[in-house]
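Below: the structure, in structure tokens.
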Amino acid sequence: MITLQSDMKSDIKRSKENPATNRPSPFVCGVRDGIPIGLGYFAVAFSLGIIARKAGLTAVEGFIGSLLTRASAGEYGVYTQIATEAAFAEVALMCIVTNLRYLLMGASLTQKFHPDTPQWKRVLLACCITDEVYGISIAYRGWLAPSYTYGAMLISGLMWASGTASGIIAGSTLPVNIVSALSVALYGMFLAIIVPPAKRDRALLIAVIVSFLASWLLQITPVIREMDAGMRTIILTVVISAAAAWIRPVRTEKGAFGPKGLNYTDNGKA
């Protein structure tokens with residue numbers, strides 16, 4: 001939290017030093033873009049809170065657990081295993097397997113950083129990744145400002161944790177079908193993230209279509225369909241992203257790999 005406050009203060013200081021830009025800081029933009037993500041998170045986390053209540057968790061425990069975890073599949077597995085009194089090692093292993101995809105997301109985001117970005121900012125940002133926050137971060141124009149992702153994580157993480165706590169408090173009073181309907185907002189948000197860049201870049205559009213088809217095929221393919229959903233995602237991410245990078249690499253104006261059309265004089269260290 002101290003780091004987030006420091007980044008926000010530095011963003012405000014830069015905007016005051018250069019008022020001619022008249023643009024909000026990356027941190028403020030991150031908070032703005034994180035609000036719709038947080039609304040979808042609240043609905044999904046509410047249903048997780050109902051499961052957590054059945055596992056015996058209090059609202060405070062659910063809030064802290066969700067704030068630190070922010071992974072729907074991982075948390076669902078944890079709560080169900082807590083309910084069955086599973087061993088700590090089993091719970092930890094389950095979380096690692098279901099969340100391995102975040103290692104790949106973190107690795108891909110390193111290509112969005114300016115070379116001079118401090119290591120501690122890279123590590124902190126890796127702790128902020130969720131599927132949706134990764135989506136808006138990878139779509140960030142130019143070098144990724146870490147404070148942008150911090151802002152998105154802050155607001156969406158708080159709403160995610162609040163949804164879990166609310167679900168625990170409310171118990172099963174709200175019909176499950178209503179909670180499921182509210183969670184559809186997340187799918188709409190995903191479309192809003194991928195459609196605009198796909199319309200501008202035909203190679204990206206092809207990669208998106210291939211990803212949809214491959215994901216469907218893996219779900220119906222014998223043996224592979226029995227694998228964990230997170231593992232299938234990892235396989236698809238590695239194969240499709242590697243193929244796309246080899247067939248259609250993205251280069252900067254100087255010919256080096258990096259954000260398209262970005263000049264290396266941009267510092268991107270916000």
Side-chain angles (χ1 to χ4, degrees), residues 33 37 71 73 96-119 121-146 148-149 152 186-187 189-269:
D33 295 345
I37 295 177
I96 292 174
V97 172
T98 56
N99 296 319
L100 274 176
R101 66 188 185 278
Y102 295 127
L103 292 177
L104 300 176
M105 294 181 188
S108 68
L109 278 181
T110 60
Q111 302 176 58
K112 291 280 291 181
F113 289 132
H114 187 277
D116 295 334
T117 302
Q119 188 67 26
K121 285 191 175 184
R122 299 170 184 261
V123 173
L124 180 60
L125 186 140
C127 299
C128 300
I129 296 176
T130 63
D131 296 331
E132 294 77 20
V133 171
Y134 168 81
I136 62 174
S137 296
I138 203 69
Y140 190 86
R141 301 281 294 183
W143 296 117
L144 174 62
Y148 173 82
T149 304
L186 281 176
Y187 297 99
M189 183 199 58
F190 264 126
L191 291 175
I193 292 174
I194 65 175
V195 169
K199 291 172 63 178
R200 294 192 299 266
D201 191 333
R202 179 173 297 181
L204 180 58
L205 175 61
I206 294 174
V208 170
I209 295 175
V210 170
S211 299
F212 282 144
L213 293 176
S215 178
W216 174 72
L217 287 174
L218 289 188
Q219 290 184 29
I220 64 174
T221 302
V223 181
I224 297 180
R225 66 185 179 189
E226 304 300 329
M227 296 174 59
D228 179 78
M231 188 60 66
R232 292 200 303 266
T233 300
I234 291 174
I235 294 174
L236 286 174
T237 302
V238 172
V239 174
I240 296 175
S241 61
W246 178 65
I247 296 173
R248 185 69 179 274
V250 177
R251 298 178 181 273
T252 63
E253 294 175 350
K254 291 191 176 183
F257 293 104
K260 186 176 181 180
L262 183 67
N263 192 304
Y264 274 87
T265 58
D266 297 338
N267 58 43
K269 294 187 286 184

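We use all heavy atoms of the structure for the numbers below, so side chains are in, but hydrogens, waters and symmetry mates are not. Because the structure is predicted, anything quoted here is derived from the model rather than measured.
- When Ile138, Leu125, Thr117, Thr110 are each tested for a side-chain contact (heavy atoms from CB on, under 4.5 Å) with Leu144, only one passes: Leu125.
- What you find for Asp131 and Met105 is that their closest heavy atoms are OD1-CE, 2.9 Å.
- Contact annotation: the side chain of Trp143 never approaches that of Lys112 to less than 4.5 Å [non-hydrogen atoms, C-beta and beyond].
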Run the side-chain donor-acceptor check on residues 205-221: report pairs under 3.5 Å with partners two or more places apart or on a different chain.
| unit_1 | atom_1 | unit_2 | atom_2 | d |
| --- | --- | --- | --- | --- |
| Ser211 | OG | Ala207 | O | 2.7 |
| Thr221 | OG1 | Leu217 | O | 2.4 |

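- Note that the CD1 atom of Ile136 and the OG1 atom of Thr130 stand 8.0 Å from one another [nearest 0.5 Å].
- Between Tyr134 and Thr149, the side chains place no donor N or O within less than 3.5 Å of an acceptor N or O (distance only, hydrogens not considered).
- Classification of the Tyr148-Tyr140 ring pair by plane angle, with boundaries at 30° and 60°, yields tilted.
- Across all their heavy atoms, Ser137 and Leu109 have their closest contact at CB-CD2, 4.0 Å.
- Evaluation of the ring-ring contact (aromatic ring centres under 6.0 Å, His included) rule for Tyr102 yields no partner, not counting sequence neighbours.
- By the side chain to side chain contact (heavy atoms under 4.5 Å, CB included) test, Ala203 pairs with Asp201, Arg248, sequence neighbours left out.
- Contact record, Arg122 with His114: NH2-O, 3.2 Å, taken as the closest heavy-atom pair.
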